[in-house]
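Heads up, the thing below is written out as structure tokens.
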There are 2 protein chains.
Amino acid sequence: MKMYAMTVLQARQNEKGNGGINMLALKHLRLIEAIHDSGSITRAASRLYLTQSALSHQLVALETYYGVSLFERGRPLRLTAAGEILLALSHDIMPRIEAAKRELSRLVEDKQSGRLRIAVECHTCYDWLMPAMDAYRTNWPEVEMDLVGGFHTDPIALLADDKADLVIVSERGKHKGVVFNPLFRYEMLALMASAHPLAAKSYLTARDFAADVLITYPAPDRLLDVVRRVLKPAGINPERRFAELTIAIVQLVASRKGLAALPAWAIPTYLERGYVVARPITKRGLWSGLYAAAREADAGRAFHKDFVSTLREQAFMSLPTIEPLA
Amino acid sequence: MKMYAMTVLQARQNEKGNGGINMLALKHLRLIEAIHDSGSITRAASRLYLTQSALSHQLVALETYYGVSLFERGRPLRLTAAGEILLALSHDIMPRIEAAKRELSRLVEDKQSGRLRIAVECHTCYDWLMPAMDAYRTNWPEVEMDLVGGFHTDPIALLADDKADLVIVSERGKHKGVVFNPLFRYEMLALMASAHPLAAKSYLTARDFAADVLITYPAPDRLLDVVRRVLKPAGINPERRFAELTIAIVQLVASRKGLAALPAWAIPTYLERGYVVARPITKRGLWSGLYAAAREADAGRAFHKDFVSTLREQAFMSLPTIEPLA
DNA sequence: CATCTTCATGAATATAATTCATGGAATTCA
DNA sequence: TGAATTCCATGAATTATATTCATGAAGATG
């Protein structure tokens with residue numbers, strides 16, 4: 001980088017006016033956190049909903065201004081000592097800023113109506129939903145949270161019927177008065193016993209499912225991505241078996257009762273023991289997304305938005321394999 | 001304000017993209033501090049080197065976004081509860097940010113060369129210079145500070161001769177390789193005994209000095225603003241008397257030995273006792289400025305810039321009558 | 001070595017911040 | 001009370017800044 005040849009004095013003298021005092025902005029701290037967390041500018045960019053180029057420019061500008069590099073270039077990008085200083089600053093002040101913003105929102109909004117009845121379409125979601133709810137509760141103790149149990153053929157209808165305030169679904173529909181907020185996207189992996197012949201392949205195709213039993217949650221095909229988006233289009237309809245719990249599905253697979261398709265983030269725990277292996281479905285992989293749906297009127301409120309932010313944050317923190325979703 | 005008629009929901013829904021997360025910026029915290037300190041947008045603007053309009057726009061944008069007013073309109077502008085939250089946040093995080101920036105600078109710069117030999121042109125300056133040096137020392141303990149004593153006909157020459165690294169002067173000259181940083185401007189007031197006949201006037205003119213003794217520091221006329229900018233142009237050359245210390249000058253004035261002209265900020269202490277009174281000089285008042293001069297090569301360095309910032313900050317904190325200086 | 005991914009960079013574009021010009025409200029002073 | 005002054009808000013014009021687009025080079029991968 002040419003920058004390294006530039007002396008501190010040169011960098012400093014390029015300052016115009018008093019722009020200097022505003023050189024370090026909060027967006028830069030977020031930038032540094034995102035790059036550090038994700039290890040790459042490209043991934044940080046998608047998480048911040050900006051282009052790689054934008055972030056590269058931001059980073060170069062900051063580094064040039066202070067005349068020091070903040071990341072060692074390489075993969076993954078690693079913080080320099082200077083970068084560590086700013087990351088520490090970020091960890092120090094960001095929570096305070098978020099807390100102040102919450103205080104402001106609480107001051108402005110009607111405190112009585114804070115209520116979040118949450119409905120979940122996917123079984124596996126509870127894994128990360130619970131920690132997220134716990135994290136949220138500490139920031140918004142006065143918000144009354146509830147889980148809407150049972151199974152629902154049309155979960156979005158729960159919003160209109162005022163049975164739920166927030167629904168987690170796997171598709172962004174077009175319903176009047178309902179807002180969909182993207183949470184994250186994740187890969188569905190095919191699960192099979194380690195000794196299964198298909199384990200030799202680097203990825204599975206629709207055809208590979210034809211000869212074996214498919215083990216799924218007891219949900220309508222419409223909600224099972226493998227069936228809806230891979231098997232059905234290919235006209236393949238394998239023998240089926242059902243289990244309520246993820247652990248039960250994994251057990252059946254390990255016992256060579258058949259194949260399953262589970263979110264990549266639900267699997268690592270079971271993979272460790274070595275009885276089952278996971279493989280991508282189709283060459284490009286089978287990716288699904290999750291969205292938080294809410295009534296338009298609610299979606300703008302601070303305690304609602306903050307819940308969605310918390311969901312995202314907690315998910316990205318605990319589920320390493322997921323990706324941002326526009 | 002129309003804003004008040006806007007509901008929170010409306011305000012929130014006006015958000016575009018994810019601009020929301022960057023809505024609260026550090027400049028807003030600085031804005032709030034400046035308005036709160038100065039009591040008016042106009043004064044805050046001059047302190048931040050922006051126009052009143054810019055700050056008004058900033059404030060309105062912030063208030064509109066959060067759907068709450070941060071200042072009660074009136075004079076002076078007073079913080080609302082919401083504003084207090086952000087001011088508290090600012091007080092909380094700004095010092096941490098500044099500290100991190102210093103750490104960064106220290107990391108980058110050559111630690112050995114941190115040296116500040118300071119020369120002062122004006123006698124009264126020691127009053128605020130000492131506390132400023134103390135404040136600075138806690139942040140930059142490794143910088144070796146020294147005061148260049150004695151009296152100098154050409155203090156700027158001390159820079160070229162490498163006898164001083166920073167000189168505080170009252171005029172922005174044009175010397176090659178020397179950078180002048182404005183510190184603040186202040187009013188010179190005429191000081192007279194309470195019983196003095198001129199005390200009846202609301203301001204003094206050059207003519208008023210003709211009949212009395214003028215008591216000054218033992219400095220060349222070139223450095224005495226009353227003489228150089230008021231009396232000399234009017235061809236008035238009053239009898240003179242000299243004293244080294246401010247307190248001595250005030251004593252002489254109180255003892256009816258003559259008039260003096262002192263910076264407004266040096267006077268309040270003495271005014272309280274009631275023996276002397278202060279009056280503006282000329283109808284518009286006689287205003288002077290102070291500048292910190294340094295060699296170009298030094299002026300860009302972090303420990304130098306931070307010293308100048310500290311000078312300004314400390315001055316504005318302890319001298320209520322001073323004004324920003326472009 | 002070929003391929004794929006990731007960064008950096010300049011130019012073009014889009015967005016945001018600031019100023020300019022102005023009117024109205026509040027405040028001060030005569 | 002009226003006149004003068006100071007201050008704030010606001011829309012439009014301008015300027016500055018941030019982001020994207022398009023691309024090449026460097027780095028990883030197999």
Please name all residues satisfying ring-ring contact (aromatic ring centres under 6.0 Å, His included) with A/Phe316, sequence neighbours left out, ordered by chain then number.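 So A/Phe316 forms no ring-ring contact (aromatic ring centres under 6.0 Å, His included) with any residue.
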Using atom [atom1] of [X] as one end and atom [atom2] of [N] as the other, report the distance to the nearest whole Å.
X	N	atom1	atom2	value
A/Glu323	C/dT5	CD	C1'	14 Å
A/Arg47	C/dT6	CZ	C1'	18 Å
A/Leu59	D/dA18	CG	C1'	15 Å
B/Arg73	D/dA9	CZ	C1'	9 Å
A/Arg284	C/dC4	CZ	C1'	14 Å
A/Glu63	C/dC7	CD	P	12 Å
B/Met23	C/dA16	CE	P	11 Å
A/Leu24	D/dT17	CG	P	16 Å

Which residues satisfy the salt bridge (charged side-chain N to carboxylate O under 4.0 Å, His left out) test with [X], sequence neighbours excluded?
X	value
A/Arg96	A/Asp92, B/Asp92
B/Arg47	B/Asp37
B/Asp225	B/Arg228, B/Arg229

- Do B/Phe184 and B/Trp265 pass the side-chain contact (heavy atoms from CB on, under 4.5 Å) test, and can you show the C-alpha distance, the side-chain angles, and the key distance before you say yes or no? CA-CA 12 Å; B/Phe184 56 84; B/Trp265 45 264; 3.8 Å; yes
For [X], give me all partners under side-chain hydrogen bond (donor to acceptor under 3.5 Å, both in side chains), at least two apart in sequence or on another chain.
X	answer
A/His196	A/Asp212
A/Glu33	A/Ser90
A/Thr205	A/Asp208

* Asked: Think B/Arg43 has a side-chain N or O under 4.0 angstrom from the OP1 or OP2 of D/dT6?
  ->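 It does not, given that no N or O in the side chain of B/Arg43 lies less than 4.0 Å from OP1 or OP2 of D/dT6.
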### Task
Indicate whether OP1 or OP2 belonging to D/dT10 is found under 4.0 Å from a side-chain N or O atom of B/Ser56.
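False: B/Ser56 side-chain N/O out of range (4.0 Å or more) of D/dT10 OP1/OP2.
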Apply salt bridge (charged side-chain N to carboxylate O under 4.0 Å, His left out) to residues B/Glu103 and B/Arg106 and explain how you reach the verdict. CA-CA 5 Å; B/Glu103 264 193 87; B/Arg106 263 195 279 266; over 6 Å; no
What does the list of N/O pairs under 3.5 Å between the protein and nucleotides 19-24 of chain D look like, with a distance for each?
unit_1: D/dT19; atom_1: OP2; unit_2: A/Gln58; atom_2: NE2; d: 2.5
unit_1: D/dT20; atom_1: OP2; unit_2: A/Thr51; atom_2: N; d: 2.7
unit_1: D/dT20; atom_1: OP2; unit_2: A/Thr51; atom_2: OG1; d: 2.6
unit_1: D/dT20; atom_1: O4; unit_2: A/His57; atom_2: NE2; d: 3.0
unit_1: D/dC21; atom_1: N4; unit_2: A/Ser53; atom_2: OG; d: 2.4

Discussion item. Tell me which pairs pass side-chain hydrogen bond (donor to acceptor under 3.5 Å, both in side chains) where either residue lies in residues 315-326 of chain A, with sequence neighbours left out.
Written reply: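 Residue pairs passing side-chain hydrogen bond (donor to acceptor under 3.5 Å, both in side chains), neighbours aside: none found.
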Strand-adjacent residues in residues 75-85 of chain A, judged by heavy atoms under 4.0 Å from DNA chain C: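 Output list: A/Arg75, A/Leu77.
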Axis-to-axis angle between the two ends of the helix from C/dC1-D/dG30 to C/dA30-D/dT1 (five base pairs per end, rounded to 10 degrees) =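 Taking five pairs per end, the axes differ by 50°.
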*Any residue meeting side-chain contact (heavy atoms from CB on, under 4.5 Å) with B/Glu187, in chain and number order, not counting sequence neighbours*: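 Here the qualifying residues are B/Leu189, B/Ala264, B/Pro280, B/Trp287.
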